[in-house]
Amino acid sequence: MRSYSEIETTIKRATKAKGFSWGISEEVGKNIRLLEMFGLPGLKNLNQYFKIYNISNFENIGEISSSNTAKGYYCPVLCGLNFYDQSPVILKFNEIEINKIAFPLIFLSFLSRASEIIGKRIFLKMDNKEFLFNFNESIYSNYLSGDILEKSDKINIKFLDNKNNFSEDDWLEMHKLSIKTYVEESEESKSRTAGAGLTDND
Amino acid sequence: MEIKLRDPKFLMKLSKLGSFHQSKLSFLRSFLKEFKDWKYNRDLFQLNDKGFGRAIYSFTKEKKTYSLICFANEIKDDERSDRVIATKWDAAFTLFDGIPTKEDVDRLSNNVPKQEVGRLSYKELTLSRANKSVRLFNHVVENLSKGQQPDKEFISKVGYLYRTTAVYGSGKFGLADRFRIKNRDEICGPFRLEMMLVYLVRQFTFDQVNHIAKSISPKNAVELDNNISRTLGIGNSTGLGMAPFIVNHPTLLNNWITARETVLKKIREIEKVSKNDLDIFYQCLIKSLKNITSWHTDSEFQKEKIKNLIFDLKKFIKFMKDEFKFENSYQFNNIYMWAEENLNDECIEYIVSMMMEPYDKIVDPLVSKMSSNEEKYFNIPVERTIEDLRNIIEKNYSEILKIDFSKEENNKNFWFISKNKEEPRIGDRYIDDGSNLEQPLAIARDIKKLYDIVFTKKNSSKIGKFLLDNNHLRHVVRRVFISEKCPYAEIQDNTIGSKLMPIDMLRLKLSFFGAIKFDPRSDKWLRICMFQGAPLPSELSNFDNYWMYN
């Protein structure tokens, strides 16, 4: 088994060898490590992407808007990097659509990290595959295949509001149960607690 | 009185960092302290008459065990090389997480001796190899087999029976990733598992010479005297491979230096130093002179450094005897201020290390802060502005901005990874091929490039937008924001200039390891010694804190 440290270092160098800057290569190394740790086939997808990288003209996305369409296909590295760099700004879009992106799995790793820096969950849907990015702590998905995803013609991204996954009733029931661990205080005990006997208006 | 931490722009110069010495913060010393109540055992010792075979040593506490697995191999004299390009070694080692099964040992016997071309697993923590100091090794075996102890002077001159040529950890060659073990209290200090490996290897070297001597002459042989064993450490040959580490791990470097500087600050702030504490400092200093005068090197560069150090130390001792007034307050601050005014960097930093000796209470809490969660600092704060970036550069990199990179001499070198051995090397940009594959270690030059571009941008513009067109400088944008939180993260010098002494970078790291006897063999590699004078594993439960100076 290759260690995650080996994966990160090798990917960083391989990305540089493909002509990306060292700073971008550091990001890609970190991201592929992340995908592999989350159980997604990051290295395999990147390897395939790099095989065709020099013979196809992949596009840079530049400034991201609510709807983005490539003439050919977007480069998942530059697209991901720009999404990550602009994530505090593009939060204003409720939904973002990206049409035509190559090797979208590589792009996903940037979204996971973006979720952490903006402090919001991000939901992504492409075809019938769904991904939920949880503050870079985990990725929840219905995609369990270890296959290479060569392209996606349409990706929809939503920034999710920070809200709980339960109703107020669920909460109240749980809270009611939790207070059963409390103990009634005696009068004597009350008179010895912090602040007792003093005026709070001093 | 509040003493300020020393200014990074003054402290983080390579010549200053290359003058650092071991101290109480050094990793090999903090390792011994942490493991003093662990149970040491030799679990297996299967060597043939010539000393070749397997051995296992362990440290255990409650349900945790770390095991060193040793493979001693027969190699020909002409196969023995300290260079990283070697493919065979006298012995190879791995530190195993737990108690290895026979299957584990068999698996490792096929991989550990191969080192870089073998494969390790997440069960193994560190990997190393070592070669005999053949002359000393044979001398010791020969004498022990005749029933006599070896020549102490010869032992002192060499200082070790084996020297390692690399110690690997943190996921290399399939070893366990750092994240798997980072939350263990006993290894919270940096390089603690590497230190454990080297320390247990030292014991193996003693057991091996005793075993061979007894095999040669079962009736006459004696065991190596413990007092002599203690004076032997483990040698290490270290080259350029170590130098980029301190550039590639800025937050770790920051935490090492911050710990050292915080200790110094707190000691200088002590208003009334006790007589006892001052005595400990002074006695360690006097005793350490013996170590320095027994420091043998063929390097003219190092001989000059030792000569100056001894000269300065004598000057300092004279000051302590004739001029220093104990009755004044802030004694250690007075000592430091005098040293700054009257001594060279090598001796100033030596004295700083010695000042730490009486102060466990100040030093110990900082040892656990010398590791770093590097991930925490990786994200670039893209919502910050160009004005922020420029202000940080002007504040933290003002020395670097003075370097004129249009001059050939300031651009002379480039760092690259050797194709032959995947190790860092340095080349001449104007002679050697490969500068297009330069590693991102020319931080000063790239910061200057960044500053020149940033200077033309709008103050209110966001970093995320700036990176859209300037991703070629992304690696240094990240570093600038790291330096904001970590003032000692950057070397305030040119790492590609013609005057670069890579050995300064090596010495900085090795001083934090706790190495002594720096013996440069060129400006690019050196030999050192570790654990010389350290207690033996059987003595760990009760040892002298000042063993370094005995």
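A note on names: the letters A, B, ... follow the listed sequences, proteins ahead of strands, and every chain is numbered from 1.
- For B/Arg178, no part lies under 4.5 angstrom from a heavy atom of chain A.
- B/Lys462 does not touch chain A: none of its heavy atoms, backbone or side chain, sits under 4.5 Å away.
- Closest non-hydrogen pair, B/Glu438 versus B/Asn413, comes out as OE2-O, 4.2 Å.
- Ring pair B/Tyr451/B/Phe455 is tilted by interplanar angle, where 30° to 60° counts as tilted.
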Derivation and outcome, ring pair (Phe, Tyr, Trp, His ring centres under 6.0 Å), residues B/Phe245 and B/Phe191 | CA-CA 13 Å; B/Phe245 182 91; B/Phe191 291 98; 5.5 Å; yes

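- With a threshold of 4.5 angstrom between heavy atoms, A/Tyr84 approaches chain B through its backbone and through its side chain.
- Of the two parts of B/Glu375, only the side chain, counted from C-beta on, holds a non-hydrogen atom closer than 4.5 Å to a non-hydrogen atom of chain A.
- Both the backbone and the side chain of A/Glu27 come within contact range of chain B, with heavy atoms under 4.5 Å apart.
- When A/Tyr73, A/Phe107, A/Tyr49 are each tested for a ring pair (Phe, Tyr, Trp, His ring centres under 6.0 Å) with A/Phe58, only one passes: A/Tyr49.
- Put simply, of A/Met1, A/Glu6, A/Glu63, the one with the most heavy-atom pairs under 4.5 Å next to chain B is A/Glu6.
- Looking at B/Ser170, the atoms closer than 4.5 Å to chain A (heavy atoms on both sides) all sit in the backbone: N, CA, C or O.
- Aromatic ring centres of A/Tyr74 and A/Phe83: separated by at least 6.0 Å.
- Of the two parts of B/Ile380, the backbone and the side chain both hold a non-hydrogen atom closer than 4.5 Å to a non-hydrogen atom of chain A.
- For A/Ile24, the parts lying near chain B are the backbone and the side chain together; criterion is any non-hydrogen pair under 4.5 Å.
- Scanning both residues, B/Leu125 and B/Ile181, for their nearest heavy atoms gives CD2-CG2, 4.0 Å.
- The greatest number of non-hydrogen atom pairs below 4.5 Å with chain B, out of A/Arg113, A/Gln86, A/Lys30, is found for A/Lys30.
- Contact tally against chain A (heavy-atom pairs below 4.5 Å) for B/Tyr122, B/Phe466, B/Phe173: the top residue is B/Phe173.
- Contacts with chain A were tallied for B/Val476, B/Asn471, B/Asp177; B/Asp177 has the most, counting heavy-atom pairs under 4.5 Å.
- A pairwise comparison of heavy atoms in A/Asn45 and A/Phe103 identifies O-CD2, 3.5 Å as the closest pair.
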Give the intermediate values and the outcome of side-chain hydrogen bond (donor to acceptor under 3.5 Å, both in side chains) for residues A/Ser115 and A/Asn136.
-> CA-CA 6 Å; A/Ser115 166; A/Asn136 206 27; over 6 Å; no

